[in-house]
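These notes are about the structure you will find just below.
Numbering of ligands and ligand atoms starts at 1, following listing order. From a predicted model like this one, the values you see are computed outputs, not experimental measurements.
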Amino acid sequence: MPAARRAALKAHAPYSHFRVGAAVRCSNGEIVEGCNVENASYGLSICAERVALFSAVARGLQPKELAVSCLDAPSVGPDGLRMPCGACRQVMLELMPGEATVHIDGVGSRRLAELLPDAFSLVADDDRQ
Ligand code: THU
């Protein structure tokens, strides 16, 4: 979680002012960080979780576990303000096993399959890497 919190400080979020950091622990023990990067053309923005996951893949690493921290979420407020978005959950499930743990700052830890039940998939569960 410290790495996710640290990564959030690098967020480029001039539109939402909602800084998010993520950190992925990979099978070799390396930790890869990501932050949200927004764009004036709003739809081009990307979440912290996907930046971290894609960076890990680009470095040839295998993501195993993920932490996410929403730096600007109010300390009192609904958990939804801290939860990973649906798109990121789908990407997580593409790149990590359903048993992978997702640590959500201020909320707790969840199994990935619990965060995205009945996920869309083009391959049978048994065939997933
Ligand atoms: N955001 C993330 O980085 N991760 C999520 O799971 C949810 C939302 C970012 C996207 C956008 O830059 C800002 O938070 C507000 O939606």
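Under the 4.0 angstrom criterion, atom 1 (N) of ligand 1 counts as having a protein heavy-atom contact.
With ligand atoms numbered from 1 in the order given, ligand 1 contributes 6 (O) to contacts under 4.0 Å with heavy atoms of P84.
Residues forming a salt bridge (Lys or Arg N to Asp or Glu O under 4.0 Å) with R5 (at least two apart in sequence, or on another chain): D105. Considering only residues two or more places apart in sequence or on other chains, S16 meets the side-chain hydrogen bond (donor to acceptor under 3.5 Å, both in side chains) condition with E38.
Only the side chain of S16 comes within contact range of ligand 1, with a heavy atom under 4.0 Å; no backbone atom does.
You'll find the side chain of K64 stays beyond 4.5 Å of the side chain of M96, heavy atoms only. In this structure, the side chains of C26 and Q62 stay at 4.5 Å or more apart for every pair of heavy atoms. Proximity of V102 to M92: side-chain heavy atoms (C-beta onward) are separated by under 4.5 Å at one or more points.
Looking only at protein heavy atoms, the nearest one to atom 3 (O) of ligand 1 is A48 N, 2.9 Å. Protein heavy atom nearest atom 4 (N) of ligand 1, with residue, atom name and distance: E49 OE1, 2.8 Å. Nearest protein heavy-atom contact of atom 8 (C) of ligand 1 is C47 SG, 3.9 Å. Looking only at heavy atoms of the protein, atom 9 (C) of ligand 1 is closest to N36 ND2, 3.6 Å. In terms of protein heavy atoms, atom 11 (C) of ligand 1 is closest to E38 OE2, 3.3 Å.
The local environment of CZ in R50 is crowded, with over 12 non-hydrogen atoms from other residues, nucleotides or ligands closer than 6.0 Å.
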